[in-house]
Amino acid sequence: MLYRKSFQNSSILFLEEGDTATVVTTQRGKEFLNYLVPKGGVPLGGIVNVPIRSKIVLGVVWSNGQSSQTSYKKKKISKVLDLPILKSEVRNFLQKSSEYNLFSLNAALRLCLNPNLNLEKSYYNYFYVVGCEKIGKLTPQRKRVLDILSSKRKEQIGKSELIRKSKVSEAVIRGLEKKGHITKISVPINDNFAAIQATFSATLSKYQKKVSENLRSKVKSESYSTTMLKGVTGSGKTEVYMDAIAEAILLGRQVLVLFPEISLSTTFVERLKNRFKFGFAEWHSTISKKEKRRILKSILDGSLKIIFGARSAVFLPFDDLGLIIVDEEHDSSYKQEEGLRYHGRDMAVLKGLYSEAAVILVSATPSLETWVNVLEMKYNGEVLPERFGNATLPKVSLVDLRVNGLERNKWLSKEIIERVSWQIKKKQQSLLFLNRRGYTPVLICESCFEILTCKSCDAKLAEHKLFQALLCHLCGARYPSPKFCPSCHNESSYVPIGPGIERIEEETRSLFPDARIELLSSDHYNSLEDLKECFGRITSGEVDIIIGTQLISKGHNFPFLSFVGVLDVDLALKGGDIRAAENTFQLLRQVIGRAGRFEISGEAYIQTYFPEDPVMKALCAYDDEIFMTKQKNLRELARVPPFGRMVALIISSSVHEVAMKFAKDLTKEMFSLQKYDVEIHGPADARISKIRKKYRVRILLKAPKIVPIQSLLKNILVKTKLQRTINLTIDVDPINFY
């Protein structure tokens, strides 16, 4: 199909040959450039190739340009790509998101239309079949390959699958191909996805049915709304919003489901397959370019109805988006912390507004921002107050370490050890939770008290026995374990301070030598497939004790898990930022919620030196409302989000003096903002003052909610000349303050 043919007979503005078109490109530089329309014309929103200097770059026709003659000769659009247009709602969203987050419209378009995907290029899959050459004597490896191909003549088998099934090297495949014993065939990749049948759940509880009906009515209205779906862990939130997805599909509209981390999506993929077969696609960093191209084209033309993926999927160019679901909406992983900074949840709400779509923010522990928006009636609120079926919430108890202290260099209390032992006898599972990778977070010299730090960063090195090395968790650098202290030269003088999960594993194995133990952290799994296999072992009851970081804290249902022990969490309560208590509360509530989700009742113990802390009290009493009200009052008093606006500016340079001078000069330029009641904090060295050999200086702006801080700041920044030796990062609504 030639998409262009349909534009001339539609209501879409079509620019004729010789007209001037204003184009936004994916190239850095000016946001709006004017070009002459070529023969055949171009629709508004048309995806085009245009010349910039000696390069041809991807762009989108944003508006009709000024027709009057200018002082320079306009270049002509090189090519109008045979693709669906970027609709006005997508263009409006990109423009607003760039204005809000203070990055260029070009950068926003790059997030939407990845120029590296070559959208017009045809891609092929390559498969192997048995060749026609006469076959003589074969090695056992070659025979296995041919036997597999012969037994599966009606199936298409690619190289990686053939290697895996026959357990041979790539060289064996090449040898067979060279001799003509096997033949490689090419098959064009089909851009179409399977059709979807909308089905609704027949097993909902009374509470679930009511919430499901309300959410479906929001989708059926085909207008913008945002709804918080709060439900205790194990209440069946996913099953409820699956019905909302089915409703959107029934209306012929598209659905976007966002997850904070890819690891959380493994169970969800299976549920999607069971419900909607194969008419959906994933979108995240591990998807190949070929598949991303196929997905992007199918989103543009509306044939792909369901996309689920990581935060970047919020920028995809949907044809007719009807529903956006943000699962675990409170999760900090939705905040993009590298490169262009934005919050996936907030951009999802903005996208819903411009797409006339229903937005559902899902969590057992909603963020304070979402909770306040429900209180102020900007969002709707739906609640699932109880677990599905006969499951009950786990009982939470505190282990007061001031009364029952830990043994020297031990991290499991007597109470937790006894409880884990009892679980093993009952053939039930225990989870020991510590949100800290590696063996120990700090190594200190017992002679001179020097701490080992990274040479490139202002960060302590963590010991990882898995890698037999010291790691910097900021830049990823690895160092060999030192034989002597570089400061005092004493040999073997380093003492580990505090535990990581490897140290907990060591202690657990010494206590329970016969137990089946599974260690779960990002260090221990090389792929999603490995992680999926691990979850499979836990689900099938092949594991007695799970030791994990936040990787296991949400999104998983383990039928045999009935006890959770939380270790060494007190430091997180004093995190030094406005969200420390809230984040700790959310994380622990999610972790505790892994227990007792099925027939077995659950229980959790939290080791702490601060049993009187509001977070601990709220966790034990399941008193979310009082805890959140206190947090709301504290934030309102401090005039911080969601009761004020904050913008962080991070200036970095390889020379500290250069970064500080630029920051001071920029601060002087921003003094004019004080008349709008904007507070300027800094410039000051960042809490982590150096990362990857770059010194970092921070400025923090605080403004009342009614002040348009982004536009005021942009007017200052456009006049600021940035030296090549300096990098300026702007973080609107920061959640980290390092």
Side-chain angles (χ1 to χ4, degrees), residues 1-95 98 104-124 188-192 289 292-303 316-320:
M1 166 188 175
L2 289 176
Y3 294 108
R4 264 194 283 173
K5 288 181 180 176
S6 62
F7 295 141
Q8 284 141 332
N9 299 319
S10 72
S11 59
I12 296 167
L13 178 63
F14 199 88
L15 305 182
E16 302 292 343
E17 181 182 2
D19 288 346
T20 301
T22 298
V23 175
V24 175
T25 74
T26 55
Q27 182 83 359
R28 289 179 177 83
K30 287 186 178 180
E31 289 185 336
F32 300 104
L33 299 170
N34 287 333
Y35 290 90
L36 291 173
V37 175
K39 186 178 179 180
V42 63
L44 200 63
I47 301 172
V48 297
N49 284 337
V50 295
I52 295 182
R53 299 184 183 91
S54 59
K55 294 170 66 177
I56 300 295
V57 301
L58 190 70
V60 172
V61 176
W62 217 257
S63 64
N64 55 335
Q66 298 299 319
S67 58
S68 60
Q69 289 293 320
T70 57
S71 57
Y72 63 91
K73 186 178 179 181
K74 294 174 192 159
K75 292 182 179 180
K76 188 182 287 187
I77 291 172
S78 303
K79 186 180 182 182
V80 180
L81 303 189
D82 188 27
L83 293 167
I85 67 166
L86 209 64
K87 288 197 166 178
S88 60
E89 53 263 37
V90 178
R91 303 198 303 274
N92 291 337
F93 163 70
L94 293 177
Q95 192 144 1
S98 71
S104 72
L105 186 52
N106 313 78
L109 187 60
R110 277 198 301 278
L111 291 172
C112 178
L113 296 176
N114 187 333
N116 298 321
L117 294 182
N118 295 327
L119 289 176
E120 278 207 314
K121 185 177 177 182
S122 294
Y123 284 101
Y124 296 87
I189 290 179
N190 182 7
D191 283 343
N192 298 321
K289 277 188 179 182
K292 281 190 173 181
R293 172 197 166 276
R294 177 190 179 214
I295 292 168
L296 200 54
K297 288 183 71 174
S298 300
I299 289 172
L300 273 167
D301 68 19
S303 61
L316 290 172
F318 288 88
D319 173 65
D320 183 20

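The shown structure was predicted, so the numbers you read here are calculated from the model rather than taken from an experiment.
Side-chain atoms of Trp62 and Gln95 include a donor-acceptor pair closer than 3.5 Å.
Residue Leu33 holds its CG atom at 10.0 Å from CD of Glu31, rounded to the nearest 0.5 Å. Taking CG of Asp320 as the reference point, atom CD1 of Ile299 lies at 13.0 Å (rounded to 0.5 Å). Note that CG of Asn106 is 11.5 Å distant from CG of Leu111, once rounded to the nearest 0.5 Å. The line from OG1 of Thr25 to CZ of Phe32 is 11.0 Å long, rounded to the nearest 0.5 Å. Distance check: Leu316 CG to Ile295 CD1 gives 8.5 Å after rounding to the nearest 0.5 Å. In this structure, CZ on Arg91 lies 11.0 Å from SG on Cys112, to the nearest 0.5 angstrom.
Of the listed residues (Leu44, Leu15, Asn34, Thr22), just one forms a side-chain contact (heavy atoms from CB on, under 4.5 Å) with Asn64, and that residue is Leu15.
Side chain of Tyr35 to main chain of Pro51: a donor-acceptor pair is present (N/O by atom type, distance under 3.5 Å, no hydrogens or angles). The main-chain N or O of Thr26 is found under 3.5 Å from a side-chain atom of Arg110 such that the two form a donor-acceptor pair.
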task: Would you check, one step at a time, whether the test side-chain contact (heavy atoms from CB on, under 4.5 Å) holds for Lys75 with Val50?
output: CA-CA 8 Å; Lys75 292 182 179 180; Val50 295; over 6 Å; no

Steps toward side-chain contact (heavy atoms from CB on, under 4.5 Å) verdict (Ile77, Asn49): CA-CA 6 Å; Ile77 291 172; Asn49 284 337; over 6 Å; no

- request: Could you please spell out the steps behind the side-chain contact (heavy atoms from CB on, under 4.5 Å) verdict for Ile47 and Leu58?
  value: CA-CA 7 Å; Ile47 301 172; Leu58 190 70; 3.7 Å; yes

query: After noting the C-alpha distance and the side-chain angles of Leu83 and Lys297, does the key distance pass the side-chain contact (heavy atoms from CB on, under 4.5 Å) rule?
result: CA-CA 8 Å; Leu83 293 167; Lys297 288 183 71 174; 3.9 Å; yes

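Of all heavy-atom pairs spanning Leu119 and Leu113, the tightest one is CD1-CD2, 4.3 Å. Of all non-hydrogen atoms in Asp319 and Glu89, the two that sit nearest each other are O-OE2, 3.9 Å. Taking all atoms of both residues into account, the shortest heavy-atom contact from Thr20 to Lys74 is OG1-NZ, 2.7 Å. Taking every heavy atom of both residues into account, Gly45 and Val60 meet most closely at O-CG1, 3.8 Å.
Contact annotation: the side chain of Pro115 never approaches that of Val57 to less than 4.5 Å [non-hydrogen atoms, C-beta and beyond]. The shortest side-chain heavy-atom distance between Leu94 and Val24 does not fall under the 4.5 Å cut-off. Using a 4.5 Å cut-off on side-chain heavy atoms (C-beta onward), Lys292 and Asn114 make no contact. Within the 4.5 Å cutoff, the side chain of Val61 has no heavy atoms near those of the Pro43 side chain.
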